[in-house]
Number of protein chains: 4
Amino acid sequence: MDEPKKRGRQRSTVAETAVLKATMELLEDRPLSSVTAEDIASKAGVSKATLYKWWPNKSRIALDAFLAQMAEDVPIPDTGSARLDFLGQLKSAIRFYTSPRGRVLSQFIAEGRNDPELLKAFQERFQEPRRKAVRVSWERGVARGELRADIDAGTVIDLLFGPIVYRLMTEHGPLNDAAAEMLVEAVFSGITVKK
Amino acid sequence: MDEPKKRGRQRSTVAETAVLKATMELLEDRPLSSVTAEDIASKAGVSKATLYKWWPNKSRIALDAFLAQMAEDVPIPDTGSARLDFLGQLKSAIRFYTSPRGRVLSQFIAEGRNDPELLKAFQERFQEPRRKAVRVSWERGVARGELRADIDAGTVIDLLFGPIVYRLMTEHGPLNDAAAEMLVEAVFSGITVKK
Amino acid sequence: MDEPKKRGRQRSTVAETAVLKATMELLEDRPLSSVTAEDIASKAGVSKATLYKWWPNKSRIALDAFLAQMAEDVPIPDTGSARLDFLGQLKSAIRFYTSPRGRVLSQFIAEGRNDPELLKAFQERFQEPRRKAVRVSWERGVARGELRADIDAGTVIDLLFGPIVYRLMTEHGPLNDAAAEMLVEAVFSGITVKK
Amino acid sequence: MDEPKKRGRQRSTVAETAVLKATMELLEDRPLSSVTAEDIASKAGVSKATLYKWWPNKSRIALDAFLAQMAEDVPIPDTGSARLDFLGQLKSAIRFYTSPRGRVLSQFIAEGRNDPELLKAFQERFQEPRRKAVRVSWERGVARGELRADIDAGTVIDLLFGPIVYRLMTEHGPLNDAAAEMLVEAVFSGITVKK
DNA sequence: ATTTAAGCGAGACGGTACGTCTGGTCTTTAT
DNA sequence: ATAAAGACCAGACGTACCGTCTCGCTTAAAT
């Protein structure tokens, strides 16, 4: 590789890892707003200066911590049936969103309201890869002639994931396998009565 | 009436109105997190003590300010067609969400992550009445035989409004009349190819 | 008196007194540079915000603390003999400078090197009153015909107090009654051999 | 020569000189407290580690920088008149103290309040040689019968230099040739009226 | 008419987190 | 071995905002 191998002390991977790990553990316990930079620093055994040397603020540390423990690449199911593919994706999304680690996600969406940079980073590094995976399933279904070519992928993705995100944020409805199944059924068949 | 007419100086409606008005004006400019209690107090010509006498915290002032300027009751369209009813409701929701005043709404959902009380109040006083209006349309459609009786109203409401809230929170897709039409089309007809 | 009695909560004299007292106690133990604002706040049972509301920085708190425990007005001895007056003033200055509280004084002169505002305040509020008292003694001596009218008071004051301040700052010589007597003898009689 | 020529890279005299020069230039501009170790390192083109390898702390670098640019040995005037000798020494001291480089001196006295080691080093390496030179003049004057043998040299030195140091530290009076002359006149003749 | 129980504006206060800064140490690679 | 680069820790700094509190004034029902 063409790494020029910088002079001087190298960035401590130990410190970075410790920070991300400590942050994630704290976030599983309590909301980002109640985790302080000092909490992170002391739990990670790192100085606050180091935190602010590498990250612009607390939220970005949290985002990195969150992403670091996510699988690198998003699996794309291929059952041969678009419906089953989507159902699988929905169910696994729901399972993750409702896990201790996944709950953190709603914090980023919330924090994104006050921090456009964070929102952008979150979109690029978390949302986009996942939306892309769904898009692939969609295109396969269209290619197979199962799905309507006249609807755009973005609309469909939001149709499936919007309700889930909505429930994640406001907790007004169930988030479980049954919910996934109902959504998929409605989206696939439509809500109207067929003659 | 059964007002015992309390002794002493009465609560100043002038002050309350001024607070709600000032708050709303501030919220149209910048996010709740950057509006301070002092900002509100000084803009309203009111003391901070008065604020905290009547509201438990800043967010609840904001919520009251937001609700105060909303129409008392939610109109329920009745065109005779469930599809047109929903389309109208969606479009008007989108128009509101994207207005200066409507944008504030996302702040409450965000703030709700750290403040369960606020979330609850927001749900009861804002969400529920609107969801109820949609539910009425749904039931009319079912009664008319247009819509499937085997899908529950909650699922359908989230199917229509989830994508919009999702886009409101993360700004990843368009929020306009066209989006409303695409959503309604997909939800009504389903996404599969009919033979 | 015509104090219009300001509206709102009055400045807490309790807090102010506590701050000054705590600060002075800390300063008797260790140098200003090692006393932190937080030390003062916590020892005084006051918040850091209150500190910075009333004082621009730590040094000014220290100066106020120092001055608060000094006698309001400087006594001017009047023995009828300029020599005895000066000797008394010198001895009591030395006694104070070498006391735990007096040692703090050198901190202000030192800190004054980095903080012109502090130096100015220190001069006006501590030095000037004391120099004035000596000046009065000087003028009495001149009026009585004991002391030379052709030397200016400033020079004489510095001749008496310069050596003491010098020793206070660099600790290179004794600071006691004997030193005061030697200084006075030399200054009064001159250092040359009289025929 | 018999230097065993140690293995490895030799201590860079270039680096040392650069550090001292850079430090002195910085100190002529602004107080020691606002010159950071990093300022010195970067201006000297040297790493901070090198600084702390050769000097225990910032103040000691400054002291070395200050002393490096002073004449090695202090001239001892010998006009045959103690009064003229002292006057010359006083004037040249004042001229130096008020020069850009000389002003730095007050920083060491100030810093000495928090750093006894520094004070000690400053005394030994700067003060003592200068005091010794004055002491020699004093002894010559005593030997010639001009000056009183019953006053100790330390007292006289402080009588002459104390006022100057005092004015250097608190800037309350003039520091110039005229001041030197007034001091010498007062110290030599005494402040009392002779019959 | 007088009391008395609020309500209110002004603004001080304690608490607590923020993000910045500097001093001084340590690690890595280059000389 | 010594240097330059630069990451690192410790911990103080001064600022900001929250929500509470105290003060003295005003208002209006109850006496």
Side-chain angles (χ1 to χ4, degrees), chain A residues 4-12 14-16 33-39 41-42 45-58, chain B residues 4-12 14-16 33-39 41-42 44-58, chain C residues 5-12 14-16 33-39 41-42 44-58, chain D residues 6-12 14-15 33-39 41-42 44-59:
Chain A
K5 201 64 174 176
K6 282 204 302 252
R7 292 185 55 172
R9 183 169 176 175
Q10 305 303 297
R11 176 168 180 180
S12 160
V14 174
E16 182 172 9
S33 61
S34 76
V35 172
T36 73
E38 221 128 40
D39 288 343
S42 83
V46 144
S47 95
K48 219 165 31 132
T50 302
L51 253 40
Y52 284 101
K53 164 138 206 165
W54 299 111
W55 291 277
N57 55 47
K58 197 177 59 168
Chain B
K5 202 62 175 176
K6 283 204 303 249
R7 291 184 52 169
R9 183 170 174 175
Q10 302 306 295
R11 174 170 182 178
S12 159
V14 175
E16 181 172 9
S33 65
S34 75
V35 172
T36 71
E38 221 127 37
D39 288 342
S42 84
V46 143
S47 95
K48 221 160 34 129
T50 303
L51 253 39
Y52 285 99
K53 163 134 206 166
W54 300 112
W55 290 276
N57 56 47
K58 194 177 60 165
Chain C
K5 198 64 173 177
K6 283 201 304 245
R7 293 189 55 173
R9 182 170 176 175
Q10 303 304 297
R11 176 167 180 181
S12 160
V14 174
E16 182 172 9
S33 62
S34 76
V35 173
T36 72
E38 221 128 39
D39 288 343
S42 82
V46 144
S47 95
K48 218 166 30 135
T50 301
L51 253 41
Y52 284 101
K53 163 138 205 168
W54 299 112
W55 290 276
N57 54 48
K58 199 176 57 170
Chain D
K6 286 200 298 239
R7 289 187 48 176
R9 186 165 171 175
Q10 301 304 298
R11 174 170 179 179
S12 161
V14 175
S33 63
S34 77
V35 172
T36 71
E38 220 127 35
D39 288 343
S42 85
V46 143
S47 94
K48 224 163 26 133
T50 303
L51 254 40
Y52 285 99
K53 164 140 205 165
W54 301 111
W55 289 276
N57 56 47
K58 194 176 65 164
S59 306

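Residue numbering restarts at 1 for every chain, and letters A, B, ... go by the order of the sequence lines.
The minimum heavy-atom distance linking C:A15 with C:V46 is given by the pair CB-CG2, 3.9 Å. When all heavy atoms of D:D39 and D:S34 are compared, the pair lying nearest together is OD2-O, 3.8 Å. Closest heavy-atom contact between D:A41 and D:S47: CB-C, 4.1 Å.
Comparing atom distances between the A:A49 side chain and each of E:dG19, F:dC9, F:dA3 picks out F:dC9 as nearest. For B:K53, the side-chain atoms get nearest to E:dG7 when compared with the rest of E:dC8, E:dG7, E:dG24. Comparing E:dA10, F:dT15, F:dT26 against the side chain of B:R9 picks out F:dT26 as the nearest.
Side-chain nitrogen and oxygen atoms of C:T36 include none within less than 4.0 Å of the OP1 or OP2 phosphate oxygen of F:dA12. Side-chain N/O atoms of D:T50 include none lying less than 4.0 angstrom from OP1 or OP2 on F:dA3. For the pair C:Y52 and F:dT15, the criterion of a side-chain N or O lying under 4.0 Å from OP1 or OP2 is not met. OP1 or OP2 of F:dA3 sits under 4.0 Å from a side-chain N or O of D:W54.
Between the CG atom of D:L51 and the C1' atom of E:dT25 there is a distance of 13 Å, rounded to whole Å. One interatomic measurement links the two molecules: CD of C:E16 to C1' of E:dC13, which rounds to 14 Å at whole-angstrom precision. In this structure, the NZ atom of B:K58 is 12 Å from the C1' atom of F:dG19, given to the nearest Å. For C:W55 and E:dA12, the CH2 to P distance is 13 Å, given to the nearest whole Å. Going from atom CD of C:E38 over to atom C1' of E:dG14 covers 13 Å, rounded to whole Å. B:R11 places its CZ atom 16 Å from the C1' atom of E:dG9, with the value rounded to the nearest Å.
Backbone-only engagement by D:V35 is indicated by non-hydrogen atom pairs under 4.0 Å involving sugar-phosphate atoms exclusively. The residue C:A41 sits apart from the nucleic acid: no heavy atom pair falls under 4.0 Å.
A distance of 11.0 Å separates CG of C:L51 from CD of C:E16, quoted to the nearest 0.5 Å. Separating the OG atom in A:S33 from the NZ atom in A:K58 is a distance of 6.5 Å, to the nearest 0.5 Å.
One donor-acceptor pair, N or O on each side, does fall under 3.5 Å between the base of E:dG24 and the side chain of D:K48.
Nearest-nucleotide positions on DNA chain E place B:V46 closer to the 5' end than the other of B:V46 and A:S34. Of the two residues contacting DNA chain E, namely B:S12 and C:A44, the nearest-nucleotide position lying further toward the 5' end is that of B:S12. Both D:S47 and B:S33 lie near DNA chain F, and the one whose nearest nucleotide falls closer to the 5' end is D:S47.
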